[in-house]
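Report on the following structure.
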Amino acid sequence: MKGLRWRYTRLPSQVEDTLSEKEGEEEEEEEDEAAPAPDDPLEPQLAEASQVLGASEIRQLSLHLPPRVTGHSWSLAFCTSRDGFSLRRLYRQMEGHSGPVLLVLQDQDGQMFGAFSSSALRLSKGFYGTGETFLFSFSPQLKVFKWTGSNSFFVKGDLDSLMMGSGSGQFGLWLDGDLYHGGSHPCATFNNEVLARQEQFRIKELEAWVLS
């Protein structure tokens, strides 16, 4: 009887131990699931919130930036909601900056798109920039249009317009001097699609982020 009693009292203990181990494993799994993910070293730090891009769009774009700017903070040098709709004002806000610029737009249809320039936006007599420059669009998934090598028509800015990418008289992205109207066409520089829903668009919000 003692042996049976010993076995009787021992059996629940073994079950409890087994259950306890399983519960412990489940708790560890739950803790692992609930634990916050470590900061992604590729995820940039913004000095202030963007009115155009959400956290998801920022993460996606950061994966396509050149390695030399990976992890750099983003500083909002210009935005239309704060600085007004003026290309001249955009150029002035770029003065003193030499680092790359991420230009992001939202048009009146809600479409988000833009460009990465390997250097600060400025007035110029001709095209400038490097093969790091690219165009992008969220439609709604991110599409990135990198340099094709066909030509070097990356960026050109005058008082009346800002142009990015060219070929056969068409620009991948162009903005007028009031930063209110713009256009997008397929071009040889980036072999891009039309970035907006239509070739001609009206700008609702524009931001220029300096990556430094």
Side-chain angles (χ1 to χ4, degrees), residues 43-55 57-62 64-66 68-108 110-138 144-145 152-166 171-184 189-190 195-196 200-212:
E43 188 169 341
Q45 299 298 316
L46 277 63
E48 52 191 291
S50 171
Q51 300 300 312
V52 178
L53 301 175
E57 289 82 18
I58 292 170
R59 281 194 297 270
Q60 292 178 63
L61 275 173
S62 68
H64 296 275
L65 297 175
R68 68 186 179 96
V69 300
T70 298
H72 287 194
S73 61
W74 294 16
S75 176
L76 187 59
F78 175 90
C79 68
T80 49
S81 61
R82 181 189 67 197
D83 303 305
F85 288 78
S86 168
L87 184 57
R88 294 190 183 205
R89 179 69 174 171
L90 171 59
Y91 291 142
R92 285 198 295 270
Q93 294 296 94
M94 288 285 110
E95 293 177 1
H97 296 290
S98 59
V101 172
L102 188 67
L103 191 69
V104 297
L105 300 90
Q106 184 176 42
D107 66 14
Q108 295 290 350
Q111 181 81 352
M112 294 182 293
F113 52 94
F116 172 82
S117 172
S118 58
S119 58
L121 304 175
R122 56 183 170 82
L123 286 167
S124 63
K125 294 182 179 179
F127 283 90
Y128 61 91
T130 71
E132 292 178 329
T133 306
F134 64 81
L135 303 179
F136 66 88
S137 175
F138 289 93
V144 175
F145 305 98
S152 299
F153 302 148
F154 299 115
V155 186
K156 183 178 184 297
D158 56 38
L159 293 176
D160 297 320
S161 62
L162 176 66
M163 297 148 282
M164 307 189 77
S166 185
F171 300 107
L173 176 64
W174 70 266
L175 309 174
D176 71 359
D178 294 328
L179 292 185
Y180 185 65
H181 292 95
S184 176
T189 313
F190 303 110
L195 303 180
Q200 308 295 322
F201 57 84
R202 291 181 298 165
I203 300 169
K204 179 180 180 181
E205 186 73 41
L206 180 148
E207 299 175 344
W209 296 85
V210 175
L211 282 54
S212 59

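Residues: numbered from 1 along the sequence shown.
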### Message
Checking the side chain of S75 only, and the main-chain atoms of V210 only, is there a donor and an acceptor separated by less than 3.5 Å?
### Response
no

### Task
For residues H181 and I203, determine if any side-chain heavy atom of one lies less than 4.5 Å from a side-chain heavy atom of the other.
no

### Query
Quick one: does Q45's side chain get under 4.5 Å of W74's, heavy atoms only?
no

### Query
Is R82 close to Q93 at the side-chain level, that is, under 4.5 Å between some pair of heavy atoms?
yes

### Query
Quick one: does S50's side chain have a donor or acceptor within less than 3.5 Å of a partner on V52's backbone?
yes

### Query
Are any non-hydrogen side-chain atoms of F78 and L76 less than 4.5 angstrom apart?
no

### Query
Shortest non-hydrogen contact from Q111 to A196?
CG-CA, 4.0 Å

### Message
The criterion is side-chain contact (heavy atoms from CB on, under 4.5 Å); which residues satisfy it with S184, sequence neighbours excluded?
### Response
N192, V194, L195, F201

## Note on the structure
For A115, the side-chain contact (heavy atoms from CB on, under 4.5 Å) test, sequence neighbours excluded, returns L135, M164, L173

### Task
Kindly indicate, with the supporting measurements, whether the criterion ring-ring contact (aromatic ring centres under 6.0 Å, His included) is fulfilled by F154 and F127.
CA-CA 6 Å; F154 299 115; F127 283 90; 8.5 Å; no

### Task
Apply ring-ring contact (aromatic ring centres under 6.0 Å, His included) to F190 and list each qualifying residue two or more places apart in sequence or on a separate chain.
none

### CZ on F138 to CZ on F113, rounded to 0.5 Å
12.5 Å

### Task
Answer yes or no: is there a donor N or O on one side and an acceptor on the other, between the side chain of S86 and the main chain of R89, under 3.5 Å?
yes

#### Entry: Note, L102 side chain near L61 side chain (heavy atom, < 4.5 Å)
yes

### Task
Taking side-chain contact (heavy atoms from CB on, under 4.5 Å) as the test, write out the residues that go with R68, two or more places apart.
P66, P100, S118, E132

### Pairwise distance CG(L53) to CD(Q60) - rounded to 0.5 angstrom
10.0 Å

### Query
Is W174 close to K156 at the side-chain level, that is, under 4.5 Å between some pair of heavy atoms?
no

### Message
Assess the residue pair M112 and D107 against the criterion (side chain to side chain contact (heavy atoms under 4.5 Å, CB included)); give the C-alpha distance rounded to whole Å, side-chain angles, the decisive distance to 0.1 Å, and a yes or no.
### Response
CA-CA 7 Å; M112 294 182 293; D107 66 14; over 6 Å; no

### Summary
Applying side-chain contact (heavy atoms from CB on, under 4.5 Å) to S161 and not counting sequence neighbours gives D158, M163

## Note on the structure
From the list L179, L123, V155, D176, side-chain contact (heavy atoms from CB on, under 4.5 Å) partner of L162 resolves to V155

### Query
How long is the gap from CG on L206 to CG on L175, to the nearest 0.5 Å?
6.5 Å

### Query
What pairs with F145 under ring-ring contact (aromatic ring centres under 6.0 Å, His included), at least two apart in sequence or on another chain?
none

### Message
Checking T189 against F153 for the side chain to side chain contact (heavy atoms under 4.5 Å, CB included) test, could you report, in this order, the C-alpha distance in whole Å, the side-chain angles of both residues, the deciding distance, and whether it holds?
### Response
CA-CA 6 Å; T189 313; F153 302 148; 3.8 Å; yes

### Pairing residues for Y128 by the ring-ring contact (aromatic ring centres under 6.0 Å, His included) criterion, not counting sequence neighbours
none

#### Entry: W209 and V104, any side-chain heavy atoms less than 4.5 Å apart
yes

### salt bridge (charged side-chain N to carboxylate O under 4.0 Å, His left out) contacts in which one or both residues fall within residues 201-212, not counting sequence neighbours
none

### Query
Does the pair L65 and L211 meet the rule for a side chain to side chain contact (heavy atoms under 4.5 Å, CB included), with working shown?
CA-CA 10 Å; L65 297 175; L211 282 54; 3.7 Å; yes

### Pairing residues for F134 by the ring-ring contact (aromatic ring centres under 6.0 Å, His included) criterion, not counting sequence neighbours
F116

### Task
Applying side chain to side chain donor-acceptor pair (under 3.5 Å), name anything that partners Q108, two or more places apart in sequence or on another chain.
none

### Summary
Between A208 and L103, the two heavy atoms sitting closest are CB-CD1, 4.1 Å

